[in-house]
Number of protein chains: 2
Amino acid sequence: MATLKDVSKASGFSVTTVSRALNGYDDVNKETRDKIMSVAKELGYSPNILARSLVKKQSKTIGFLVTDLKRESVKDNFLFETLCGVSDELSTLDYEFVLLSTTTSKQKNKTYGQMCAERQLDGVVIQGLKRDDPYLLEAIESTVPCVLVDIPVEGVNTGYVTSNQLESAKQAVRYLIRLGHRHIAFMNGAAHAYVSTVRYDAYRQVLQENGIEFRDDYVLNGDFEELASKSAALPFLLNHPEVTAFFCASDVMALGVLQATRELGLNVPEDLSIIGFDNILLSQYVSPPLTTVGQQPYEMGRKAASMVVHIVEGQDVPHEAFVNNELILRESVAKNRR
Amino acid sequence: MATLKDVSKASGFSVTTVSRALNGYDDVNKETRDKIMSVAKELGYSPNILARSLVKKQSKTIGFLVTDLKRESVKDNFLFETLCGVSDELSTLDYEFVLLSTTTSKQKNKTYGQMCAERQLDGVVIQGLKRDDPYLLEAIESTVPCVLVDIPVEGVNTGYVTSNQLESAKQAVRYLIRLGHRHIAFMNGAAHAYVSTVRYDAYRQVLQENGIEFRDDYVLNGDFEELASKSAALPFLLNHPEVTAFFCASDVMALGVLQATRELGLNVPEDLSIIGFDNILLSQYVSPPLTTVGQQPYEMGRKAASMVVHIVEGQDVPHEAFVNNELILRESVAKNRR
DNA sequence: CTTGATTTCCGAAACGTTTCGGGTATAAAA
DNA sequence: TTTTATACCCGAAACGTTTCGGAAATCAAG
């Protein structure tokens, strides 16, 4: 591959001048710049990024750190979409992008700092670290900027992007109320999960703000599983004919409820409105297509990438960003006619 | 970050010796090696890969080139899974991995060779290039090794991994015949696609080898789309009550056929057996779950990655690899009872 | 006591850039 | 004519490695 020296020789100018010409400095004559440009093109020259990074002390590449990159993961889609977002954004910003896949065990061999130093990463966006992964603390304390997706953590070189979990859940419940539903059940997942508590809170708060009495026996536990959700919903629907709507903390559980209605001969949405959470691929294919609140991992990826290069470049930008979950209206919800 | 020079100063040995000690050369005394090691550890030294690559002329990183990385793509899953395979394999081989996302338009700005040279890539695995993408030819002629997934192309520094497209498609059709089906329709996609012709061939050949007459009016065109497939299937099923099975060149089109049966009040698989291709995520959730032939993108990714580093390292390995598609038996196919 | 081999170490060059600090003309001002 | 400014160019050092070709010291053999 052609190097600067080659271009220098072929054009008759010094390496310095060639470099400056190609980099757009203005202390080089128009003519010689043109000459150099054409020679460079002719030789198919393109700069060696490694060498450049070495001297400039910045590599123009940011890492995308993901733990346990596994094909089985249910969140594949989430991960993949944020990856797309990161990739797209970085390419418009003219940054490169390397994928760093790590496991908890790998984190013991090499520190986070070393990982960054080796490749001279300018910054990194982190997705899916567990709260007790050693890298998390290291990342926050590191001097190389990082932004976390969905892990709200403050730090001087640290930013994060997350979504309006609470608000969007509230919005979903409000939607049901707006359509006239008063007896709204809630299918929750494992109680210890962060998202579960948030969605539970949303449910209670919206009920209260609308003067609807909260009933303990209206919240079921579906454990984020289709089957468990179905088994929970079956007897409940039998015993509570007054219930006209179901808010589910995940689409998978919503599918369970849907199954239950089928077995009972109930029609969705005429007899029961169902609203889910996550916007999984399946939700638009099921019958009826599921109204749900969807996250926007692609957007999160974009924002994370954008934020990290802004931080890297020393611009004064907010170190937190939100992307709105959005209520996706499909056909599993209808007005309450009772 | 600590550099070799730092370690050199702190340990009292020359940079050369430190380098050789750390790299396991045997012309360094046990004691001094230990000393150096401990100092290095203490300073948290880790080698700057950029500098190393620069002098060694090899970067220990291979690129994963993908065109039009888009979240919408139906093949997301395919792409993502091969990505996982590549990533996993490379990390066990101790190679790094950068994702190169390009579009047809981008290919005009920067040649393939330049792209490789810039990052000093040792090799690249390529996925999803179109047959007329300029990069394809460049890649084959390039001196940097590459292996293509699903594009069987020969070349000295080139390899490919693909699947037994034809055989697996045949197997699917044979399966239907084995179950007693004689009137088997074929839903094909865009005729110009490579896979379409292969699956079409499979269909015809198996029919012939079983002495079943090939009928032109039994092959429909669903354009790889659900809706188009449904619209094609509807009138066809009406006009051909004798047809008991459908072989579809993609799962998406199989879904279309499934829809058509629903509208007609036909039961799957009692009234009509359906077999798809691709094993998309959805296929196992739909009702009834779709029997389909599944590719193994993860495996392809692994093999591709493995092959490319073997080629890079000058080992004498076969430049082609196959991974078997497998027929995944679910519930959309039944014995022919007529 | 030489000679030669072995062990252990190191200086310097190289990889391909960027950039600092000038240098040499030419043109304008004094 | 001399000075000053301007436009254009370049040499050399630096970034952090690896590696070639020795060199010094130690040891064994003759």
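Chain A is the first sequence line, chain B the second, and so forth, proteins listed ahead of strands; every chain is numbered from 1.
- Checked by atom type, the side-chain pair B/T82/B/Q127 shows a donor-acceptor distance below 3.5 Å.
- Taking 4.0 angstrom as the limit, B/K5 places none of its side-chain polar atoms (N or O) nearer than this to OP1 or OP2 of D/dT17.
- Note on B/Y45: a side-chain N or O is less than 4.0 Å away from OP1 or OP2 of D/dT17.
- With values rounded to the nearest 0.5 angstrom, B/T16 atom OG1 is found 11.0 Å from B/Y25 atom OH.
- Between D/dA14 and A/K56, no contact under 4.0 Å exists linking OP1 or OP2 to a side-chain N or O.
- Counting any heavy atom pair closer than 4.0 Å across all strands shown, A/N29 reaches sugar-phosphate atoms only and no base atom.
- When distances run from any side-chain atom of B/K57 to the nucleotides D/dT17, D/dC10, C/dG16, the shortest one goes to C/dG16.
- Between B/N164 and B/F322 there is no side-chain heavy-atom pair separated by less than 4.5 Å.
- Under 4.0 angstrom from either OP1 or OP2 of D/dC9 there lies no side-chain N or O belonging to A/S14.
- Ion pairing of B/E118 with B/K110 is present here, as a side-chain N (NZ or NE/NH1/NH2) and a carboxylate O approach within less than 4.0 Å.
- For C/dC10, one of the phosphate oxygens OP1 or OP2 lies less than 4.0 angstrom from a side-chain nitrogen or oxygen of B/T17.
- Residue A/T32 places at least one side-chain N or O under 4.0 Å from the OP1 or OP2 atom of D/dC9.
- Neither OP1 nor OP2 of C/dC9 sits under 4.0 Å from any side-chain N or O of B/Y25.
- One can place CG of A/L50 at 12 Å from C1' of D/dT17, the figure rounded to the nearest angstrom.
- Atom CD in B/Q58 sits roughly 11 Å away from atom P in D/dT18 (whole-Å rounding).
- Residue B/R20 contributes atom CZ, which lies 11 Å from atom P of C/dC9 at whole-angstrom precision.
- One interatomic measurement links the two molecules: CG of B/N23 to P of D/dG16, which rounds to 17 Å at whole-angstrom precision.
- Across the protein-nucleic acid pair, B/L54 atom CG and C/dA13 atom P stand 18 Å apart, rounded to whole Å.
- Using cut-offs of 30° and 60° on the angle between ring planes, the pair B/Y112 and B/Y135 is perpendicular.
- Here the P atom of nucleotide D/dT6 and the CG atom of A/D26 are 13 Å apart, to the nearest Å.
- Distances shown here put a side-chain N or O of B/S19 below 4.0 Å from the OP1 or OP2 atom of D/dT18.
- With hydrogens and angles ignored, a donor-acceptor pair under 3.5 angstrom links the side chain of B/D27 to the base of C/dC9.
- In summary, B/D122 and B/K60 do not engage in a salt bridge, as defined by a charged side-chain N under 4.0 Å from a carboxylate O.
- Per the geometry, CZ belonging to A/R52 stands 8 Å off C1' belonging to C/dT17, to the nearest Å.
- With hydrogens and angles ignored, no donor-acceptor pair closer than 3.5 Å exists between the side chain of B/S53 and the base of D/dT17.
- Looking at the side chain of B/V55, the nearest of the listed nucleotides C/dT17, D/dT17, C/dC10 is D/dT17.
- Ranking C/dC9, C/dG16, C/dG11 by closeness to the A/T3 side chain, first place goes to C/dG16.
- Summarising the geometry, the separation between NZ on A/K60 and C1' on D/dC15 is reported as 19 Å, rounded to the nearest angstrom.
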